[in-house]
Amino acid sequence: MARDPEERRLETTGPKDDAAGIPAVLNSVRMAQKQAGPNRWLPVLKALNKDGGIDCPSCAWPDPDRRRPAEFCENGAKAIANEVTRRSIGRDFFAEHSVADLRRKSGYWLEQQGRLAEPLVLDEGAKHYRPIGWDEALDIIAGELRALDDPDEAAFYTSGRTSNEAAFLYQLLVRRFGTNNLPDCSNMCHESSGTALTETIGVGKGSVLFDDLHSSDLILVVGQNPGTNHPRMLSALEEAKRNGTAIVSVNPLPEAGMKRFHDPQTVRGLVGKGVDLADEHVPVRVGGDLALFSALNRLILESGDTDADFIDRYCNGFEAYREELLAEPEDEFWETVLAHTGLDRGQIERLAERTREADSVIVCWAMGLTQHRHAVPTLREVVNYLLLRGNIGKRGAGVCPVRGHSNVQGDRTMGIWERPTPQFLDALERTFGFAPPREPGLDTVDTLRAMKKGAVKVFMAMGGNFIAASPDTEPTEESIASCRLTVQVSTKLNRSHLATGRRALILPALGRTDRDEQPAGRQFVTVEDSFGVVHSSEGRIPPLSGEMRSEPWIVTALAQKLFGDDEHVDWAALSEDYDRIRDLVEKVVPGFENFNRRVRERNGFALPHPPRDNRAFPTASGKAEFTANGLTAPEAAEDELILQTLRSHDQFNTTVYGLNDRYRGVKHGRTVVFVHPEDAERLGFADGDTVDMVSTGADGAERRARGFRLVHYPTAPGCAAAYYPETNVLVPLDAVAKGSNTPASKSIAIRLERA
Ligand SMILES: Nc1nc2c(c(=O)[nH]1)N[C@H]1C(S)=C(S)[C@@H](COP(=O)(O)OP(=O)(O)OC[C@H]3O[C@@H](n4cnc5c(=O)[nH]c(N)nc54)[C@H](O)[C@@H]3O)O[C@H]1N2
Ligand SMILES: Nc1nc2c(c(=O)[nH]1)N[C@H]1C(S)=C(S)[C@@H](COP(=O)(O)OP(=O)(O)OC[C@H]3O[C@@H](n4cnc5c(=O)[nH]c(N)nc54)[C@H](O)[C@@H]3O)O[C@H]1N2
Ligand SMILES: [Mo]
C-alpha cells in the first residue's frame, strides 16, 4: 500500500497515560474546520446522537437515555467532519487521475479528496473512470447479473453503516435474485462473538443495558481499546466507577483510555486531574485469554464459590465441563496457563478473588478476542466464566460484545447473513410469496476463496472497503481482478475503487448526515446499537451533489431493472416512503411489532433478549450451555513474534483521518511496529531500526510488509503490534477462526528482517 509523503517526518514519543480532555476537543474542532466549515458541521454536531437526531456513523456505542448537551466524542466528530466535507470529486478529477496514478496514493490521500459526486464507470481496458448516468449504470449491473449461469456466481457485500431499511431491501433483492451470498464486515469483526454466544446462550448479541454497566460490581474490559474506538464508553465506565464498580483491563497494551480519563464534556473533566478508570491492568499475551479464563474458572470451581442454584436451574453440561477442566494435574495446567498468558499466578489468583467477591460481573470485549484462530473457544470460556457465578440475566451482569460499525448489529437483524435461519427464510416466503434460496451462501473469506477460483463473477458492495479490509491484500487484489463486474456503492474514494474487476462502477451514496428527500417527503432511517436498541436517524445537510442517491433508492432502482414488473415486491413504492419498508420489516423480523409507531417514541425501543429479560436460553437444550474448550494459544518459533493488527487514534477502519496516534505517542506516520525492548534486543534490533515484517501462510508462501520503524513499546513480551490495513498483506487467507471463519488478524506469527 502506498505511503504518504508526510511519513518522512515520523516521530515517536512513547505511550500516554491519559485520554480525552482539551486535546480531544481541539483536535475535533481543527479537523472539522478544515474539512467542512462551520455551516455544514455545527448543525450536524448539534443533532448528533440526540433523540430524533442523527445517529453517529462512527461506532455502535449506545446513547444513554439522559442525553448530554454534546453527546459525541472526538472520533465521532472526525467521522462527521469527513462526511460533511465541502470537497467533492467527479468527472474532472477522474479525467486528471488515472486508476494507476491513484493506486500510488496513500489511503489517507484518497480519503482527503472529498465526497464521490456522480456515478462513474471504468470500462474494460480503460485507464480512467468516466461519468455514466444512473440509468445506464443500473442497466449494466442488471445485464451482468442476468447473464450469469447461476445466481451463486454473484456476491453482495455489506459494510456496517448501512441502515436497517437499506439492509432489509438489499437482502430481499439478493434472495429474490436467488442467492445467500451476503458476505459482510461482521464476518471479519464480531462473527466469533455471534457464533459462541448463539451456541451457549442462544442469542448472538450482548445482554447488558446502561443500567447494568452503571450498577455492576466488576467490569472486565478485554481485548478492547475504548479510548480510541468507543470513546463514549469511557463516560459510562466513569459513572460506574463513581458508583463503586471495580474495572479491570485485560490487554497486552497499556491503553491510555483505560488509565486516566478526562471527560471532555464536563468542566471537571476538562480542568480536573481526571479519573483513573482501571483498578488493575492485566497484561496478557496476545491470544492468552483462553488460558486466562480457563484458569479463573478452575480457581472458581476449586473454591466452590459457584452459583449452584443458577447452574442447576438454567444450565446444561456443567458436570462434564467441571470434570474436563479439573482433569489435568495442577502443575501441568498452571505451566501451560503461565506460558500462554505470560502472567504470574498471583495476578490471576487476585482476579479470581475479585470475581468471587463480586455479586455482578460484566465482560466487555471487542477485536482482541474475536480475531484469533481460537476466538470461538475463547469466547465460550468467557461465557463459562459468567455462568459459573450466575452472571447472566441479572442486574449489573452479562456479556457485552462492543460492536464496531454503527449499524453492523442491525444489518444482521435485517437478514444480512450468509447463513440465514430457516425461521427468517420462512417469514420472507410467507410475506413475499417467493421461495428464497435455502443453501448457505459465501461469507467474506469464502467469497475471496471463490473469487480466486473464478467462481464469483459479479461483486457488489453496499459501502465499505472490501479490498483493504480483507486479509492477504496481494492475492486478494489478484482474485477480484477476475470478476466480470465490480460495483461499489460509496461515499468516499478508497482502495476498492482501484483494485477492481474487468469492468467497475462507482455509485455515489448519501451518508447518514445527508438530507434524504423522497416523493413522500423527507425520510429518516433506523439503526440498532450494541445494546439492541433501535432508534431513528435523520440527515440534515443538503447533499453536495444532485447525483447522490440514498441506499434504499439504489437498491429499489436496481431491483426494478432486474425484476421488471415484480409480482412479489412493489419496489418503486418502497423507496418513495420508508415507512412502507418498515411495515415489511415488521412482518418478517421478530421484535419489530408496531415498528413505525415505536421508533417515533422517545429514544426508540429495545429488542427482546430472552437471556437478559428472563433467563430464558433459546438453545437446542433450552438451557445455557457449559462447553469444554481445552487450552490453545498462538504459536511462534524462537525468532518470531505474535503480531496483532490494530487501529490508531486517527482512523476509522480503512479510513485514515490523520497520521497521528496521540495516545501511543506516534506523529506523522503509520508504518511503525511496536515491540517490547527485551524482544528487540533478543532479536538483534534497536528502537528506530527500519524492518520488514515477514509471515508465512499454510501455503508456504512468504508475505512481507516493508520498511516499518521498530518502536520500543511496553507490549506483553513475545508480541508485537502494528496498524491495519497496512499490515493486511501479512494475514494469510487461510488463517481464520475455527467456527466463525473470521480472519485471525490479531495473531500472526512474524519474523523481523532488517530492511
Ligand atoms: N475511532 C474509531 N472507532 C472505531 C473504529 C475505528 O477504526 N476508529 N472501528 C470500529 C470497529 S468496526 C470495530 S470492530 C471496533 C474495534 O474496536 P477495538 O477492538 O477496540 O479495536 P482494535 O484497535 O482492533 O483494538 C483491539 C484491542 O485489543 C487488544 N488486543 C489485541 N490482541 C489481544 C488479545 O489477544 N487479548 C487481549 N485481551 N487483548 C488483545 C489490543 O491491544 C487493542 O487494545 O471499533 C469501532 N469503532
Ligand atoms: N488486519 C485487520 N483487518 C481488519 C480488522 C483488523 O482489526 N485487522 N478489522 C476488521 C473489522 S472489525 C471490520 S468491521 C472491517 C471493516 O471493513 P469495511 O466496513 O469494509 O471498511 P470501512 O473502512 O469501514 O469502509 C469505509 C468505506 O465505506 C464507505 N462508506 C462510508 N460511509 C458510507 C455510507 O454511509 N454509505 C455507503 N454506501 N458507503 C459508505 C466509504 O467509501 C469508505 O471509504 O475490517 C476488518 N479488517
Ligand atoms: Mo468491526
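A quick note: this is a predicted structure, and the numbers were derived from the prediction, not measured. Residue numbers run from 1 in the order of the sequence given. Ligands are counted one by one from 1 in listed order, and the atoms in each one are counted from 1 as well.
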Task: Polar atom proximity, Gln644 to ligand 1 (N or O, under 3.5 Å) - done: yes
Open item on the list: Just to confirm my output: which protein heavy-atom neighbour is closest to atom 11 (C) of ligand 1, and how far is it?
Closed with: Gly404 CA, 3.2 Å
Open item on the list: Please check whether Tyr724 reaches ligand 2 - meaning an N/O of the residue sits under 3.5 Å from an N/O of the ligand, judged on distance alone.
Closed with: yes
TODO: Quick one: sort the Phe466 and Tyr157 rings into parallel, tilted or perpendicular, breaks at 30° and 60°.
DONE: perpendicular
Task: Atom indices of ligand 1, in the order listed, that fall short of 4.0 Å to a heavy atom of Thr228 - done: 1 (N), 2 (C), 3 (N)
Open item on the list: So, regarding Cys59 and ligand 1 (criterion: nitrogen or oxygen to nitrogen or oxygen, under 3.5 Å), is there a contact or not?
Closed with: no
TODO: For atom 43 (C) of ligand 2, state which one of Asn494, Asp514, Thr727, Leu510 supplies the nearest heavy atom.
DONE: Asn494
Open item on the list: Among all the protein's non-hydrogen atoms, which is closest to atom 42 (O) of ligand 1, and how far away is it?
Closed with: Asn251 OD1, 2.7 Å
- [ ] Report the distance from atom CD of Glu118 to atom CD of Glu547, rounding to the nearest 0.5 Å.
- [x] 7.0 Å
- [ ] Go through ligand 1 atom by atom and flag the ones less than 4.0 Å from a non-hydrogen atom of Val222.
- [x] 38 (N)
Task: Side chain, backbone, both or neither: Cys189 near ligand 2, heavy atoms under 4.0 Å - done: both
- [ ] Report yes or no: do His190 and Gln409 form a side-chain donor-acceptor pair below 3.5 Å?
- [x] no
Task: Option of least heavy-atom distance to atom 19 (O) of ligand 1 (set: His230, Gln224, Met367) - done: Met367
- [ ] Check each atom of ligand 1 against the heavy atoms of Pro252 and keep those under 4.0 Å away; list them by number with element.
- [x] 30 (N), 33 (C), 37 (C), 39 (N), 40 (C)
- [ ] Using distance alone, decide if ligand 1 has a nitrogen or oxygen within less than 3.5 Å of any nitrogen or oxygen in Ser58.
- [x] no
Open item on the list: Evaluate Arg512 for polar contact with ligand 2, using N/O atom pairs at a separation under 3.5 Å.
Closed with: no
- [ ] Please say which of Gln371, His372, Gln644, Arg285 ends up in a side chain to side chain donor-acceptor pair (under 3.5 Å) with Ser747.
- [x] His372
Task: Atom pair CZ (Arg662) and OG (Ser648), whose distance is rounded to the nearest 0.5 Å - done: 11.0 Å
Open item on the list: So which atom in Ala166 and which in Val555 form the shortest heavy-atom distance, rounded to 0.1 Å?
Closed with: O-CG2, 4.4 Å
Task: Arg403 N/O to ligand 1 N/O under 3.5 Å - done: no
Open item on the list: With respect to Gly464, determine whether any N or O atom, backbone or side chain, lies less than 3.5 Å from an N or O atom of ligand 2.
Closed with: yes
Task: Nearest non-hydrogen protein atom, atom 20 (O) of ligand 1 - done: Asn225 N, 2.8 Å
Task: Protein contact of atom 36 (N) of ligand 1 - nearest heavy atom, named by residue and atom, plus distance - done: Asp289 OD1, 2.7 Å
- [ ] Run the salt-bridge test on Arg540 and Asp514 with the 4.0 Å N-O cut-off and return the result as yes or no.
- [x] no
- [ ] Examine Val489 against ligand 2 and note whether any of their N/O atoms are separated by less than 3.5 Å.
- [x] yes
- [ ] Indicate whether any N or O donor in one side chain lies under 3.5 Å from an N or O acceptor in the other, for Ser537 and Asp55.
- [x] no
- [ ] Decide if atom CD of Glu635 counts as having more than 12 heavy atoms of other residues, nucleotides or ligands within a radius under 6.0 Å.
- [x] no
- [ ] Going by heavy-atom distance to atom 25 (O) of ligand 1, choose the closest among Leu290, Asn229, Asn75, Val656.
- [x] Asn229
Task: Residues Glu551, Arg161: salt bridge by 4.0 Å N-O rule - done: no
Open item on the list: Counting only nitrogen or oxygen atoms and a 3.5 angstrom limit, does Leu253 reach ligand 1?
Closed with: no
- [ ] Would you indicate which of Gly368, Gly76, Gly288, Cys364 comes nearest to atom 32 (N) of ligand 1 when only heavy atoms are counted?
- [x] Gly368
Open item on the list: Give me the residue, atom name and distance of the protein heavy atom closest to atom 8 (N) of ligand 1.
Closed with: Gln651 O, 2.7 Å
Task: Value rounded to 0.5 Å, distance of CG in Asn741 from OG1 in Thr444 - done: 9.0 Å
- [ ] State whether Glu477 and Arg495 are salt-bridged, where the test is any N-O pair (Lys NZ or Arg NE/NH1/NH2 against Asp/Glu carboxylate O) under 4.0 Å.
- [x] yes
Task: Pair Asn164-Asn407, side-chain donor/acceptor within less than 3.5 Å - done: yes
TODO: Indicate, as side chain, backbone, both or neither, the part of Val284 found under 4.0 angstrom from ligand 1 when only non-hydrogen atoms are considered.
DONE: side chain
Task: Residue Gly287 vicinity, atoms of ligand 1 by number, heavy atom under 4.0 Å - done: 34 (C), 35 (O)
Open item on the list: For Glu111, which part has a heavy atom under 4.0 Å from ligand 2: side chain, backbone, both, or neither?
Closed with: neither
Task: Minimum non-hydrogen distance to atom 14 (S) of ligand 2, winning option of Ala744, Cys185, Ala79 - done: Cys185
Open item on the list: Does any N or O of ligand 2 fall below 3.5 Å from an N or O anywhere on Ser470, backbone included?
Closed with: no
Open item on the list: Is the contact between Asn728 and ligand 2 made by the side chain, the backbone, both, or neither, using heavy atoms and a 4.0 Å cut-off?
Closed with: side chain
Task: Minimum non-hydrogen distance to atom 22 (P) of ligand 2, winning option of Asn407, Thr654, Leu646 - done: Thr654
Task: Taking atom 34 (C) of ligand 2 as the reference point, the nearest protein heavy atom with its distance - done: Thr491 CG2, 3.6 Å
- [ ] Please check if any side-chain donor atom of Asn629 sits under 3.5 Å from a side-chain acceptor atom of Glu381, or the reverse.
- [x] yes
TODO: Specify the protein heavy atom at minimum distance from atom 26 (C) of ligand 1: its residue, its atom name, and the distance to 0.1 Å.
DONE: Lys746 CE, 3.6 Å
Open item on the list: Evaluate Gly223 for polar contact with ligand 1, using N/O atom pairs at a separation under 3.5 Å.
Closed with: yes
Open item on the list: Students should be able to answer this: which protein heavy-atom is nearest to atom 7 (O) of ligand 1, and at what distance?
Closed with: Asn653 N, 2.7 Å
Open item on the list: With side chain to side chain contact (heavy atoms under 4.5 Å, CB included) as the test, pick out the partner of Phe652 among Glu111, Lys78, His405.
Closed with: His405
Open item on the list: Once you restrict to heavy atoms under 4.0 Å, what part of Ala469 touches ligand 2? Side chain, backbone, both or neither.
Closed with: both
- [ ] Could you name the option among His190, Arg647, His405, Glu551 that has the heavy atom nearest to atom 12 (S) of ligand 2?
- [x] Arg647
Task: Heavy-atom side-chain proximity of Ser192 to Leu369 below 4.5 angstrom - done: no
Task: Reported CZ-to-CD distance for the pair Arg87 and Gln113, which is rounded to 0.5 angstrom - done: 7.5 Å
Task: Subset of ligand 1 atoms that lie under 4.0 Å from at least one heavy atom of Glu255 - done: 42 (O), 43 (C), 44 (O)
Open item on the list: Strictly below 4.0 Å, N to O, side chains only: are Arg403 and Glu528 in salt-bridge contact?
Closed with: no
